[in-house]
Asker: 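Here's a structure for you.
Being a predicted model, the structure only gives us computed values, none of them experimental. Values below: all heavy atoms of this structure, side chains included; hydrogens, waters and symmetry mates excluded. Lettering of chains follows the sequences in order, A, B, ..., and the numbering in each one begins at 1.
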Protein chains: 2
Amino acid sequence: MSLFLSTYVNKVDKKGRVSVPSLFRAALETQKFQGIVVFRSYKHPALEAFGLDRMAQLSQSLDKNFNLFSDTQDDLAASIFADAQQLGFDGEGRITLPDDIAAHAGITESACFVGRGATFQIWAPDTFKQHQTAARARVQQGNVSIALHASEVGQ
Amino acid sequence: MSLFLSTYVNKVDKKGRVSVPSLFRAALETQKFQGIVVFRSYKHPALEAFGLDRMAQLSQSLDKNFNLFSDTQDDLAASIFADAQQLGFDGEGRITLPDDIAAHAGITESACFVGRGATFQIWAPDTFKQHQTAARARVQQGNVSIALHASEVGQ
DNA sequence: CCATAAAATCCCATGCTATCCCAATTTAGA
DNA sequence: TCTAAATTGGGATAGCATGGGATTTTATGG
């Protein structure tokens, strides 16, 4: 199973190409389609991304459990498929970000790849910095981290 | 399962490399990825660390319901997965601490590896000494339950 | 159906950085 | 004290990100 960790900032060249971090590529190397799937995030000025096999998995999960999602979430999830783009790697492990997708995240001359475990996101570097600082503050204030460790890892 | 005990202080060279204590490495030698995962602690000027297996486990457990819409998961992901770094061992069992990570712990010319059972921490030696003294004082004052709770959680 | 232009893809070259490899030194154990 | 293991240091190497050109594919108009 793929695991995406850490944050990388890479440059976008004139052609709109960006290197996907090598460790992210390594996490996807067992897949048939050598590339990623991206779509615009609903909650953030950012892009959601993962491998194609996970997209298939998401489709299956929606088929079987659509009643578990609320109507709104169902609509959101369904529109993911319409918005999603398959971006293949070139020989050097780069993808080419389509203009409209890049615009949604405000990405211009560099892109920030953010690991989220099973998935990752792509942000404009400055925007993500702000978001991360705020998120970190929220986690510090609430006792979220304790619940997390205790329930899952604290054996 | 890996068990990290005792405290070791090792030097950081000009390239930012530190030897991970051999007993800590031994505790991880059954894992595929020969190295560790580190991220900045929320509560302390220190780094949390453990093997990649444990991080994969954490990712899986958070990922069970494809939760693209949870605010809490969002913050956790941004704080833990985005912040985490995979640091592989070199031939001599060293890791290279990235500058920003090292800065959070105030680590400059030497690093203190502190065993915490299933996980361990990395501190600046002086900072840890102070922290340990303060913790001891709290125990003497009778604030034992808090100290115990914190240690159990791995913060 | 063909010709041309535009765009996306592929291919190779470069600089930088992280990693590897080997040697020296220190520490721990017998 | 002697020996083996662990830590420390530095030069060499390989991998990655990046840039630019060449080639193929796709769209457009005749």
Side-chain angles (χ1 to χ4, degrees), chain A residues 4-29 33-38 49 52 84-103 107-115 120 122-125 128, chain B residues 2 4-29 31-38 49 52 84-103 107-115 120 122-125:
Chain A
F4 303 101
L5 295 180
S6 181
T7 300
Y8 303 90
V9 176
N10 287 339
K11 285 186 183 173
V12 180
D13 65 20
K14 308 170 200 171
K15 301 180 183 177
R17 298 177 300 184
V18 216
S19 281
V20 176
S22 67
L23 284 179
F24 284 19
R25 268 149 40 205
L28 295 167
E29 69 186 358
F33 172 64
Q34 281 302 293
I36 63 175
V37 174
V38 297
L52 186 59
Q85 303 232 14
Q86 291 187 41
L87 307 178
F89 298 142
D90 69 5
E92 285 70 42
R94 288 174 290 197
I95 54 169
T96 303
L97 283 177
D99 291 341
D100 54 337
I101 294 283
I107 292 169
T108 56
E109 77 271 355
S110 57
C112 184
F113 292 79
V114 182
F120 63 95
I122 310 177
W123 291 69
F128 177 68
Chain B
S2 24
F4 305 101
L5 297 177
S6 181
T7 300
Y8 303 90
V9 176
N10 287 338
K11 285 188 183 173
V12 180
D13 66 20
K14 308 172 200 170
K15 299 182 182 177
R17 297 177 300 185
V18 215
S19 280
V20 175
S22 66
L23 285 179
F24 284 20
R25 267 148 43 206
L28 294 167
E29 68 186 358
Q31 302 202 7
K32 286 161 293 182
F33 172 65
Q34 281 302 294
I36 62 175
V37 173
V38 298
L52 185 62
Q85 302 244 9
Q86 294 186 43
L87 307 179
F89 297 142
D90 68 7
E92 286 71 42
R94 289 173 291 195
I95 54 168
T96 303
L97 282 177
D99 291 340
D100 54 338
I101 293 282
I107 292 169
T108 56
E109 77 271 355
S110 57
C112 182
F113 292 79
V114 182
F120 63 94
I122 310 177
W123 291 71

Asker: Does A:Val18 or B:Leu23 map to a spot on DNA chain D nearer the 5' end, using the closest nucleotide for each?
Answerer: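 Here B:Leu23 is the residue nearer the 5' end.
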Asker: Quick one: the side chain of B:Glu92 and the base of C:dC20, do they pair up donor-acceptor inside 3.5 Å?
Answerer: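 Per atom types, no contact qualifies.
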Asker: Should we count CG of B:Asp99 as having more than 12 external heavy atoms under 6.0 Å?
Answerer: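 Open.
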Asker: Enter the distance from A:Cys112:SG to A:Phe120:CZ here, rounded to the nearest 0.5 Å.
Answerer: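 A:Cys112 SG to A:Phe120 CZ: 11.5 Å, rounded to 0.5 Å.
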Asker: Just how far, in rounded Å, is C1' of C:dT17 from CG of B:Leu87?
Answerer: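 Distance, rounded to whole Å: 15 Å.
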Asker: With a 3.5 Å cut-off and just heavy-atom distances, do the side chain of A:Lys11 and the base of D:dG19 make a donor-acceptor pair?
Answerer: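 It does not, because no donor-acceptor pair links the side chain of A:Lys11 to the base of D:dG19 below 3.5 Å.
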Asker: From A:Ile36 CD1 over to A:Arg25 CZ, what is the distance, rounded to the nearest 0.5 angstrom?
Answerer: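 Interatomic distance, A:Ile36 CD1 to A:Arg25 CZ, rounded to 0.5 Å: 11.0 Å.
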Asker: Report which part of the nucleic acid B:Lys14 touches: base, sugar-phosphate, or nothing (heavy-atom distance under 4.0 Å, all strands).
Answerer: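 Sugar-phosphate: the residue B:Lys14, judged by heavy atoms under 4.0 Å, touches backbone atoms but no base.
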Asker: Could you work out which one of C:dC10, D:dA17, D:dG10 sits closest to the side chain of A:Arg17?
Answerer: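 Nearest nucleotide to the side chain: C:dC10.
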Asker: Is A:Arg25 near enough to D:dA17 that one of its side-chain N or O atoms lies under 4.0 angstrom from OP1 or OP2?
Answerer: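 Yes, within the criterion.
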Asker: With a 6.0 Å cut-off on ring centres, are B:Phe113 and B:Tyr8 close enough?
Answerer: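 They do not qualify: ring centres at least 6.0 Å apart.
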Asker: Name the closest nucleotide to the A:Asp13 side chain, picking from D:dC16, D:dG19, D:dA6.
Answerer: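 Selected nucleotide (nearest to the side chain): D:dG19.
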Asker: What is the separation between atom CZ on A:Phe89 and atom P on C:dA8, rounded to the nearest whole Å?
Answerer: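 Taking atom P of C:dA8 as the reference, CZ of A:Phe89 is at 19 Å.
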Asker: Could you tell me how far apart B:Arg94 (CZ) and C:dT26 (C1') are, to the nearest whole angstrom?
Answerer: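 B:Arg94 atom CZ is separated from C:dT26 atom C1' by 14 Å.
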Asker: Measure CD1/A:Ile95 against C1'/D:dA17 and give the value in whole Å, please.
Answerer: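 About 14 Å, once rounded to whole Å.
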Asker: Which value, rounded to the nearest 0.5 Å, describes the distance between B:Leu97 atom CG and B:Ile107 atom CD1?
Answerer: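 Rounded to the nearest 0.5 Å, the CG-CD1 separation comes out at 5.5 Å.
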Asker: Expressed in angstrom and rounded to an integer, what is the separation of B:Asn10 atom CG from C:dT27 atom C1'?
Answerer: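 Atom-to-atom, B:Asn10 to C:dT27, this comes out as 11 Å.
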Asker: Could you state the NZ-C1' distance from B:Lys15 to C:dA18, rounded to the nearest angstrom?
Answerer: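 In whole Å, C:dA18 C1' and B:Lys15 NZ are 9 Å from each other.
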Asker: Starting at atom CG of A:Asp90, determine the distance to atom C1' of D:dC16, rounded to an integer number of angstrom.
Answerer: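 Value for this atom pair: 13 Å.
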Asker: A:Gln85 has an atom CD; how far is it from atom P of C:dA8, in whole Å?
Answerer: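 That distance rounds to 11 Å.
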Asker: Using a cut-off of 4.0 Å on non-hydrogen atoms, how would the nucleic acid contact of A:Ser19 be classed: base, sugar-phosphate, or nothing?
Answerer: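 Answer is base: heavy atoms of A:Ser19 come under 4.0 Å of a base.
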